[in-house]
Amino acid sequence: MAENRNAGKHPSYKGWSPSSIQRKRAYDKKYHQSEERKDYRVELNRENRRRGTYGNGDGMDVSHSRRGPLKLELQRLNRARNGRGGRPKKA
């Protein structure tokens, strides 16, 4: 998987020292390599493929709802879910 060269360049990192950003990148890299996160991604990608929306550019994602089942929703809503302090916006 390609390295995210934009990591740490978001305006929310304003005021962070380069060493802090580097530590966060290292933590994120380790976190997303865990078996739990891999399984999570595999599950969503498998469902995305099953529904025929994987890689076709329709702007849809499969996501976990708070009630449990997987649902199809717009990528921009799914990927922008957690707001300030990581608090979920979804009911």
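Values reported hereafter were calculated over all heavy atoms of this structure, with side chains retained and with hydrogens, waters and symmetry mates removed.
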Response to the item:
For Glu47 and Val62, the nearest pair of non-hydrogen atoms, with its separation, is CG-CG1, 3.6 Å

Practice prompt. Return the minimal non-hydrogen interatomic distance between Ser63 and Asn78, and the atom names on each side.
Written response: CB-OD1, 3.0 Å

Practice prompt. Can you spot which of Gln33, Arg37, Lys38 makes a side-chain contact (heavy atoms from CB on, under 4.5 Å) with Glu35?
Written response: Lys38

Discussion item. Could you measure the distance from the CG atom of Asp28 to the CD1 atom of Ile21? Nearest 0.5 Å is fine.
Written reply: 11.5 Å

Worksheet item: Roughly how far apart are Asn45 CG and Asp61 CG, rounded to 0.5 Å?
Response: 9.0 Å

Item to complete: Run the salt-bridge test on Arg46 and Glu43 with the 4.0 Å N-O cut-off and return the result as yes or no.
Response: no

Within-4.5 Å side-chain heavy-atom neighbours: [X] and [Y]:
X     : Y     : value
Lys29 : Arg25 : no
Gln22 : Pro18 : no
Leu70 : Arg51 : yes

Worksheet item: Does Met60 belong to the same Ile/Leu/Val/Met/Phe/Trp/Tyr cluster as Tyr54, with side-chain heavy atoms less than 4.5 Å apart forming each link?
Response: no

Discussion item. Under the rule for side-chain contact (heavy atoms from CB on, under 4.5 Å), what residues qualify as partners of Pro69, not counting sequence neighbours?
Written reply: Ser65, Arg67

Practice prompt. Please identify each residue that fulfils side-chain contact (heavy atoms from CB on, under 4.5 Å) with Tyr27, with sequence neighbours left out.
Written response: Tyr31

